[in-house]
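All residue numbers refer to positions in the sequence shown, counting from 1.
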Amino acid sequence: MKNISVIGSGTMGNGIAHVFAQHGYQVSLIDLKQEFLEKALATITKNLDRQVAKEVLTEEQKTKALSNISTYTDLKEGVQKAELVIEAATENLAIKLDLFRQIDQASPENAILATNTSSISITKIAAATNRPAQVIGMHFMNPVPVMKLVEVIRGYATSDETTQQIMGLSEKLSKVPVEVNDYPGFVANRILMPMINEGIYSLYEGVAGVYEIDTVMKLGMAHPMGPLQLADFIGLDVCLSILKVLHDGFGNPKYAPCPLLVNMVEAGFKGVKSGEGFYTYIKGSKDLVVSPRFSN
């Protein structure tokens with residue numbers, strides 16, 4: 001397998017493209033607008049520069065990695081030679097189903113179709129194609145160039161051969177693949193999102209403040225980030241979307257999103273991406289400052 005197409009050039013898409021290109025694969029990065037692709041290439045270049053500065057890569061390896069990436073705004077052109085297509089678009093079922101119908105029509109018959117979804121059913125996505133045995137989940141973690149885990153999710157119809165190929169490919173990227181079955185939230189988010197939601201409930205119910213909740217989990221449980229800071233990093237809108245998938249999928253009230261989370265998302269406070277969530281974020285500053293809304 002040599003030719004990889006990545007659909008979506010946002011945070012996850014450009015990270016996935018970066019890792020494949022760094023490991024010598026030919027990557028076709030696809031998005032709706034050229035400006036999105038240019039922004040993605042700038043991000044990849046900056047992250048490669050960081051690896052060079054840390055002596056993880058040489059300048060020559062950085063140049064080679066960038067030369068391995070081609071960009072496309074036409075999906076059909078971008079996937080026509082693909083042996084693996086990885087979809088990393090918005091976490092929205094309707095968008096993903098439409099994309100997979102298009103990818104199924106445009107990509108070679110033997111191509112494996114993967115999605116980087118963090119919660120949406122692989123089985124449901126696969127059913128939109130004529131090749132469900134070749135559809136699988138590849139849930140990379142953010143930031144992709146740094147995080148080792150790839151959650152490899154088997155849909156109900158995913159074949160053993162497809163699973164084995166993706167497990168082996170993930171290892172070639174110096175990642176650690178873990179095979180899981182297709183149930184709402186898979187493993188990572190089925191465990192993580194209730195913890196984040198409970199952290200938000202602890203704030204909502206006045207158990208403790210933002211700083212205090214995060215400090216307990218960082219110092220007491222050895223988490224690199226507290227649940228509220230992590231929610232901001234992931235995106236509060238993404239957290240809400242995943243919790244809704246869990247709640248709808250299991251029908252269990254324990255997955256019901258905290259009303260505070262719902263209100264924050266509806267008001268546009270989505271965390272790092274919007275400049276404010278449980279903390280405020282100023283471009284160029286690494287200081288962690290609790291949002292004035294929660295500082296009293």
Reported CD1-to-OG distance for the pair I242 and S118, which is rounded to 0.5 angstrom: 3.5 Å

Test item: T163 side-chain N/O and S159 main-chain N/O as donor-acceptor pair under 3.5 Å: yes

Side-chain donor/acceptor of D74 to backbone N/O of E77, under 3.5 Å: yes

Within 6.0 angstrom of E55 CD, more than 12 heavy atoms from elsewhere: no

Distance-minimising heavy-atom pair for F100 and T129: O-CG2, 3.9 Å

E83 and K2 ion-paired at < 4.0 Å: no

Residue pair V152 / S170: nearest heavy atoms and the distance that separates them: CG2-OG, 4.3 Å

Donor-acceptor under 3.5 Å (S202 side chain, E198 main chain): yes

Salt bridge (Lys or Arg N to Asp or Glu O under 4.0 Å) between D49 and K62, intermediate numbers included: CA-CA 7 Å; D49 284 336; K62 169 201 155 183; 2.7 Å; yes

Residue pair K96 / N92, side-chain donor-acceptor N/O under 3.5 Å: no

Result of checking T115, I7, D98 against I103 for side chain to side chain contact (heavy atoms under 4.5 Å, CB included): I7

Side chains of F278 and I200 in contact at under 4.5 Å (non-hydrogen atoms): yes

Side chain T162, main chain A133, donor-acceptor under 3.5 Å: yes

Validation row: L84, Y25 side chains within 4.5 angstrom (heavy atoms): no

Pairwise distance OG(S5) to OH(Y72) - rounded to 0.5 angstrom: 8.0 Å

Residue F294 excluded, over 12 heavy atoms near CZ under 6.0 Å: yes

Flag side-chain contact, heavy atom, 4.5 Å: Q165 against M1: yes

Verdict with reasoning, N181 to Y156, per side-chain hydrogen bond (donor to acceptor under 3.5 Å, both in side chains): CA-CA 8 Å; N181 289 316; Y156 191 77; over 6 Å; no

Flag, side chain of Q80 to backbone of A106, donor-acceptor distance under 3.5 Å: no

Intermediate values then yes/no, side chain to side chain contact (heavy atoms under 4.5 Å, CB included), I196 and I234: CA-CA 11 Å; I196 286 176; I234 294 168; 4.0 Å; yes

Nearest non-hydrogen partners of I69 and A17, listed with the distance: CD1-O, 4.4 Å

Spacing of NE2 belonging to H139 relative to CG belonging to L149, to within rounding of 0.5 Å: 8.0 Å

Single hit among N110, I112, L113 for side chain to side chain contact (heavy atoms under 4.5 Å, CB included) with R131: L113

Over 12 non-hydrogen atoms of neighbours within 6.0 angstrom of CD in E161: no

T215 (side chain) donor-acceptor with Y211 (main chain) under 3.5 angstrom: yes

ILVMFWY network linking M12 to L32, side-chain heavy atoms under 4.5 angstrom: no

Donor-acceptor pair, side chain of K64 and main chain of G24, under 3.5 angstrom: no

Side-chain donor or acceptor of E59 paired with backbone N/O of V52 under 3.5 Å: no

Rounded distance [0.5 Å steps], CE in M264 versus CZ in R293: 8.0 Å

Audit row: L66, T45, side chain to side chain contact (heavy atoms under 4.5 Å, CB included) steps and yes/no: CA-CA 7 Å; L66 287 170; T45 301; 3.6 Å; yes

Any P224 side-chain heavy atom under 4.5 Å of K218 side chain: no

Spacing of CZ belonging to R190 relative to CG belonging to L246, to within rounding of 0.5 Å: 8.0 Å

Between S9 and D31: side-chain donor-acceptor atoms closer than 3.5 Å: yes

Sidechain N-carboxylate O distance under 4.0 Å for D182, K124: no

same_hphob_cluster(F140, I153) at 4.5 Å side-chain heavy-atom cutoff: no

Any D214 side-chain heavy atom under 4.5 Å of Y279 side chain: yes

Heavy-atom donor-acceptor pair, S121 side chain to T123 backbone, under 3.5 Å: yes

Side-chain donor-acceptor pair present, Q134, E109, cut-off under 3.5 Å: no

Nearest-0.5 Å distance, CD of residue E266 to CG of residue L261: 10.0 Å

T117 and E91: side chain donor to acceptor below 3.5 Å: yes

Check: E205 side chain, V207 main-chain N or O, donor-acceptor pair, under 3.5 Å: no

Note, M217 side chain near M195 side chain (heavy atom, < 4.5 Å): yes

Closest non-hydrogen atom pair, I125 against L97: CA-CD2, 3.8 Å

D237/K273 under salt bridge (Lys or Arg N to Asp or Glu O under 4.0 Å): CA gap, chis, key distance, verdict: CA-CA 10 Å; D237 54 333; K273 67 175 74 174; 3.0 Å; yes

Side-chain heavy atoms of L99 within contact of I95, under 4.5 Å: yes

Derivation and outcome, side chain to side chain contact (heavy atoms under 4.5 Å, CB included), residues K254 and N197: CA-CA 10 Å; K254 75 177 181 180; N197 200 40; over 6 Å; no

Heavy-atom neighbours of Y204 OH exceed 12 at 6.0 Å: no

Any side-chain heavy-atom pair of R101 and D104 under 4.5 Å: no

Hydrophobic cluster membership, M141 vs L230, 4.5 Å side-chain cutoff: no

Closest non-hydrogen atom pair, K81 against N3: O-CB, 3.5 Å

Name of the residue among L48, T11, N14 meeting side chain to side chain contact (heavy atoms under 4.5 Å, CB included) with T43: N14

Candidate pair D160 and R154, rule side chain to side chain contact (heavy atoms under 4.5 Å, CB included), full reasoning: CA-CA 9 Å; D160 289 341; R154 293 185 66 138; 2.8 Å; yes

Nearest heavy-atom neighbours spanning P257 and L243: CG-CB, 3.9 Å

Common cluster, V210/Y201, ILVMFWY with side-chain heavy-atom separation under 4.5 Å: yes

Donor-acceptor side-chain pairing of H18 and Q51 below 3.5 angstrom: yes

Presence of salt bridge, E276 and K270, under 4.0 angstrom: no

